[in-house]
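This report concerns only the one structure given below.
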Amino acid sequence: MIKEKSSILYSRAKKVMPGGVNSPVRAFNSVGGEPIFIKSAKGSKIIDVDGNQYIDYVGSWGPLIFGHAHPRIVEAVTRQSEMGTSYGASTELEIELAEKVVDAVPSIEVVRMVNSGTEAVMSALRLARGFTGRDKIVKFEGCYHGHGDSLLVKAGSGLASLGTPECPGIVSCLAEKTLNLPFNDAGAVSNLFQKEGADIAALIVEPIAGNMGVIPPKPGFLETLREETKKAGALLIFDEVITGFRVSVGGAQKLFGVTPDITCLGKIIGGGLPVGAYGGCKEVMDHISPVGSVYQAGTLSGNPLAMAAGNVMLDLLSESNVYDLLEEKSKRLCSGLEKNTKDLGVATQFTRVGSMFSNFFTDQVVKNFESVKTCDTEFFKRYFNGLLDENIYIAPSQFEAGFMSAIHSDNEIDQTIEASFKALKAAQS
Ligand code: HOZ
C-alpha cells in the first residue's frame with residue numbers, strides 16, 4: 001500500500017505541531033509506523049491523501065452513528081454556514097437541541113452547551129464543588145474524562161496508550177483532591193464513602209467504560225454508586241460523552257435504569273462538530289451563572305454550526321429504529337471476529353454494549369484497568385497494522401473502543417471479518 005503523501009505530510013506536520021498531531025493517539029505511537037492523513041470520508045469509509053480507502057470503525061471516536069458526511073447533516077451545516085458561522089449570541093437552534101436532550105436523557109431538566117467533552121466535565125466538576133461546598137472528587141482507574149486537571153490522574157485513553165501513568169503540570173494540591181478507585185469494585189466505593197463521604201463533592205464515572213477499551217459495568221455497580229453518593233450528599237456524575245445517544249437515546253442511564261445528578265455529553269449531540277454539554281436537575285443547574293454564582297462561559301458555546309448538525313442528528317435518531325440495526329451489525333461483526341480468534345487459538349476477550357466494542361488480547365477476564373493492562377500490546381500492534389494493510393481502520397490503540405455505524409453494510413462487515421483472520425494470522429507469525 002502506498003502511503004507516500006501521508007508520509008510527506010507527517011514530516012511537514014512534525015515541524016509545526018507537537019508530534020505532528022493535535023491529539024496524541026493520532027500519532028500512531030503505540031502501534032508504530034506513521035499516521036495516515038485523511039483527505040475525505042463518506043458513509044462507512046475514510047480515504048487518505050494517497051487515495052487508500054478504509055472501512056472505518058473509529059467514526060471520529062464515536063459521534064458518527066450514521067456514518068461520515070450524512071447528506072442531511074451536510075445540508076444543515078451548509079445552510080447554517082451561509083447564514084453565519086458564529087454569533088456569540090443566542091439562537092433558536094440551541095433551544096431546539098436543548099429541548100431534544102431534555103426529552104431524551106432521564107437526568108436532564110436543564111442543559112448548558114459547551115464545546116467539548118473535556119469542557120463539559122471540567123464545568124460539571126466545578127458545579128458539583130460549588131453546589132456541595134466540598135472539594136474531593138472520586139473517579140475510577142482507566143476512566144478518562146478529558147484532559148482537565150482534576151481528572152488526568154490514572155486516566156485511560158491516550159495516557160494508557162502511551163503508557164504514561166501521570167501527567168506532569170498538574171498542581172499537586174488539585175491532584176490530591178482526586179481519589180481513584182478500581183472500576184467495577186462496589187466494595188471499594190462503599191469503604192471510601194464510609195471514611196470520606198462527608199468531604200466528597202462528586203463521584204464521576206463512565207457508566208460503560210470506553211476509554212480503556214469497552215468495559216461494561218458489573219450488575220449492581222452503578223446502583224451502588226447511586227446509593228453511596230446519595231447517602232453522603234455527594235453528586236453522581238455520569239460521563240456519557242461516548243455512551244450518550246450511542247447505546248440508547250437516553251444513554252447508559254436509560255439502559256441501566258440508574259439516574260445520575262449531572263450528565264456530561266458530547267460527540268453525537270454535535271453530529272460530528274465540536275460540542276459538549278452538561279445537564280441535570282434544575283435545582284443543581286440553577287447554581288450555574290447567570291442564575292447562580294458558579295461561573296462558566298464561552299464564545300463558541302452553542303455555536304450555530306454544531307447546533308444545526310446536532311439537531312439533525314437527534315432527529316435522525318428519533319426517526320429510525322437505528323439501535324436494533326446497530327445491535328444486529330455489531331453482533332455480526334463481533335461474532336465473526338471472535339470466531340477467528342477461537343479458530344486461530346488467539347487469547348482474546350471480547351466486550352460489547354450495543355455498537356461499542358473491544359477485543360482485548362489477553363487471557364484474563366477484563367473488568368477493570370488492572371486486567372486490561374495484561375493485554376499483549378505488541379500483538380495488538382501487529383494486528384492493527386495487518387488490518388490497516390487490508391484497508392480496515394480501527395483505533396490505533398488497544399485501549400480505545402470500536403464503533404459501528406448504521407451505514408456499515410453486511411458486505412463490509414464480512415470483508416472486515418475476513419481481513420481480521422489474515423491480520424491475526426500475520427500477527428501470530
Ligand atoms: N483518546 C481520544 C479518544 N478517546 C482520542 C481523540 C483523538 O485523537 O481524536
Side-chain angles (χ1 to χ4, degrees), residues 6 9-10 13-14 17-31 33-38 41 46 48 54 56-65 68 115-122 139-148 151-167 183 204-215 238-247 252 264-276 306 351 353 355-358 360 369 372 375 377 380 384 388 393-404:
S6 274
L9 288 185
Y10 187 41
K14 280 190 288 189
M17 296 189 280
V21 290
N22 280 313
S23 188
V25 180
R26 296 178 202 175
F28 280 29
N29 281 6
S30 68
V31 289
E34 295 189 336
I36 50 170
F37 281 70
I38 308 304
I46 51 172
D48 71 16
Y54 306 85
D56 177 22
Y57 293 99
V58 180
S60 188
W61 305 93
L64 303 179
I65 218 156
H68 293 273
N115 295 291
S116 68
T118 291
E119 196 184 339
V121 168
M122 281 163 51
K139 73 173 279 291
F140 294 96
E141 288 161 12
C143 280
Y144 175 74
H145 305 285
H147 58 267
L151 294 166
L152 217 48
V153 182
K154 293 193 182 166
S157 193
L159 283 186
S161 310
L162 300 172
T164 315
E166 306 296 341
C167 171
F183 188 72
I204 185 165
V205 67
E206 295 179 86
I208 300 163
N211 283 290
M212 50 176 148
V214 176
I215 306 283
F238 274 8
D239 178 344
E240 296 228 41
V241 170
I242 291 180
T243 52
F245 294 90
R246 164 63 63 180
V247 293
C264 299
L265 296 168
K267 300 194 190 268
I268 293 175
I269 62 159
L273 272 83
V275 86
T351 57
V353 181
S355 58
M356 47 192 287
F357 53 88
S358 284
F360 296 99
F369 197 38
V372 158
C375 284
T377 50
F380 176 83
F384 170 87
L388 201 64
Y393 185 64
I394 62 166
S397 160
Q398 170 74 92
F399 307 114
E400 299 280 0
F403 297 100
M404 178 63 76

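Order of listing sets the numbers, starting from 1, for every ligand and every atom in it. Below, each value reflects all heavy atoms present in this structure, side chains not excepted, and no hydrogens, waters or symmetry copies.
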Here the atoms of ligand 1 under 4.0 Å from any heavy atom belonging to Asn211 are 4 (N)
### Query
Counting N and O atoms only, with roles assigned by atom type, does the side chain of Ser60 sit under 3.5 Å from a partner on the main chain of Pro63, one being a donor and the other an acceptor?
no
Of all heavy-atom pairs linking Phe140 and Ile204, the shortest is CD1-O, 3.8 Å
- Message: What I want to check is whether the side chains of Glu240 and Thr243 have a donor and an acceptor closer together than 3.5 Å.
- Response: yes
Based purely on interatomic distance, does Ser23 place a nitrogen or oxygen under 3.5 Å from a nitrogen or oxygen of ligand 1? yes
| field | Side-chain heavy-atom pair Ile65, Phe403 within 4.5 angstrom cut-off | value | no
If you measure every N or O of Lys267 against every N or O of ligand 1, does any of those distances drop under 3.5 Å? no
Note: ligand 1 atoms sitting under 4.0 Å from heavy atoms of Val25 are 1 (N)
